[in-house]
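Here the structure is a predicted model, which is why all the values come from computation and not from measurement.
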Amino acid sequence: MSTYSNQCAIVGVGENQRSRKSGTTPLHMALTAARNALADAGLEAKDLDGIMNYSTGGDSCPSHELATYLGCHPKYVKDVSGGGSSTELLIADAVALIEAGMLETVLIYRSMNGSSGVQVGRGYDPNMLQEMLPGGSFIMPYGSASPSQWFGMFANRHMHETGITKEHLGHVCISFYEHAQRNPNAFLNGKPLDMETYLATPDISMPFNIHDCCVELDEANAIIVTSASNAKNCKSKPVFIAGMAPRTTHSQVHYWTQVDEVAADHAAADLYKSAGVKPEDIQVASIYDCFSWVVLRQLESYGFAKRGEVGDFVAAGNLKLGGSLPSNTAGGMLSEGYTHGMNNVLELVRQLRHDYKGTERQVKDCELGIATGWAGPDIAGAMILRN
C-alpha cells in the first residue's frame, strides 16, 4: 500500500450556479465556487498556501489571479492545460506537495463558460488541428472534428465486438437522468428520460444521440485538499484519499493500432493496490461520463463487469440508487453539468460524507467510493475515496 494512503483529505467542495449563459467571467464563477468550498470547510482564504487550476484552450482564469481576488498569497500556483482526468492529476499533485512538507492546504478549481464561451463539443477550427489534437490533420479534414465523432468510432468498434446495443447506452443515460430528478441543482432536473424517448431521438454522431452526450454549461467547481492532521480542525467531515492512479497512458494517438485497449485498463491495478481494496469493496461511484459509452468501457476497465457483460450489468439497474454500484448520483455530466469531471468528484465527496442522510438521494451506509477520469482512450486517471 502506498505511504500516502489516507494521509490527505478533501475537506471542502463548492460550485456556482450552472447555466447556459452565465453573463459573467470564469474568474467571477471561480470566486463563487472557491468561497463556497472555503465556507464548506470552515476555512478562510488566508489558510490556502496552494492554488491549482486546469483549462482547455485557455477557457479559465489563472490561479494567481484567483488568489489575488480571494485576498490570499499562496506560495504555490499551477495552471495546466487538460480536460478529463485533470481533477485526479491535480489532487495527486496536491497530495505529493503536502506529503513533501511544501504545502498544507490546496484549492483546486475548474471554471469555464462551456456553453456561452469555448464549447468543446462544437468541434475545432481546422486551422487548430495540430494544436488541439496531435495527428489531427489525419482525421479532421475527413469530417471527424469533434469528440463525439472520435469516441464514436471507438464505441462502434467495441459495440460490434461485445454485443453492446443502443438500448444498453440508453440504460446509462436513463439511470443518470433519474438521479438528476432528485438533484434540484442538476441542469436537466425536471426533464426525465425514458427508453422510448431515448430510442426515438436521432443520432448526432453514431452511435450517440444528444442524451448520450454531456451537457455543456457555464460552471465552476472547487475542491480543497489538506493534510489528515489539519483536516481535524475543519468544519466538514473529511473524506480521505485512499488510493490513486493519477494519470495513466496507453499508446498515443499517432499509434492507435490497439483500439480495443484504453488507458483505464492499465490504471485499475495500480489504483486498487494503492488503496488496498478490490472492485467489490466499492459502494458508490463517479464514472467519467462525457459520453454514455465511456461509462460502459470504464466499468469493464475497473472490474465492475466483465467484457461482454457490461450491457446486462447496466440494464439490470446496477447504476441506480439501490443497485450494486450507484453511480453519478447527482446526474453526472450527462444531466447535471460538465466541468471535465470535477462536478462528479464533488458529488462523491458529498455522498461519502452522508450529506443527504434522511433523503432519497443518499446511498445508504456508503464508506468507499471511486472517481474516474478519462481524457480519451489514451489517458485516464482514478482515485478511491473513503470517509
Just to verify, what does [X] make a side chain to side chain donor-acceptor pair (under 3.5 Å) with, not counting sequence neighbours?
X    : value
R307 : E161
D79  : N53, S63
S227 : E104, S229

Residues [X] and [Y] bridged, charged N to O under 4.0 Å:
X    : Y    : answer
D212 : K166 : yes
R297 : D265 : yes
E347 : R350 : no

- Message: Under 3.5 Å, is there a donor on one side chain and an acceptor on the other for H266 and E261?
- Response: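 Yes, a side-chain donor-acceptor pair sits under 3.5 Å.
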- Item | Donor on one side chain, acceptor on other, T105 and D47, under 3.5 Å |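 No.
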- Should we count CD of Q17 as having more than 12 external heavy atoms under 6.0 Å?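 Counting other residues, nucleotides and ligands, CD of Q17 stays at 12 neighbours or fewer.
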Nearest 0.5 Å, please: how far is [atom2] in [Y] from [atom1] in [X]?
X    : Y    : atom1 : atom2 : result
K364 : H354 : NZ    : NE2   : 11.5 Å
C214 : F187 : SG    : CZ    : 13.0 Å
N328 : D289 : CG    : CG    : 4.5 Å
M52  : I223 : CE    : CD1   : 12.0 Å
D49  : T226 : CG    : OG1   : 8.0 Å
E336 : L217 : CD    : CG    : 9.5 Å

- Item | Whether D270 side chain and A245 backbone form a donor-acceptor pair below 3.5 Å |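 No.
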- Item | D59 side chain to T56 backbone, donor-acceptor under 3.5 Å |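 Side chain of D59 to backbone of T56: a pair is present.
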Just wondering, do [Y] and [X] contact through their side chains at under 4.5 Å, heavy atoms?
X    : Y    : value
C366 : L352 : yes
L299 : L319 : yes
L188 : L193 : no
W374 : V295 : no
T87  : N344 : no
Y356 : R182 : no

- In sequence, state the C-alpha distance, the side-chain angles, and the governing distance for Y338 and S115, and then conclude on side chain to side chain donor-acceptor pair (under 3.5 Å). CA-CA 10 Å; Y338 173 64; S115 174; over 6 Å; no
- ring-ring contact (aromatic ring centres under 6.0 Å, His included) contacts touching residues 191-242 (sequence neighbours left out):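 Listed once each, the pairs are Y177-H211, F208-F291.
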Could you list the donor-acceptor pairs under 3.5 angstrom formed by side chains in residues 23-44, with sequence neighbours left out?
from, atom 1, to, atom 2, distance (Å)
T24, OG1, H28, ND1, 3.0
T25, OG1, H28, N, 3.1
T32, OG1, H28, O, 3.2
N36, ND2, E15, O, 2.8
N36, ND2, T32, O, 3.3
D40, OD1, R353, NH2, 3.3
D40, OD2, V13, N, 3.0
D40, OD2, R353, NH1, 2.8
D40, OD2, R353, NH2, 3.3

- Shortest non-hydrogen contact from L321 toward P326: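 Heavy-atom minimum between the residues: CD2-CB, 4.2 Å.
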- Any pair with a residue in residues 231-246 that passes salt bridge (charged side-chain N to carboxylate O under 4.0 Å, His left out), sequence neighbours left out, goes on the list, sorted by first then second residue, please.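 Qualifying pairs, neighbours excluded: none.
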- Message: Would S22 and N16 count as a side-chain contact (heavy atoms from CB on, under 4.5 Å) here? Give the steps.
- Response: CA-CA 10 Å; S22 69; N16 75 317; 5.6 Å; no
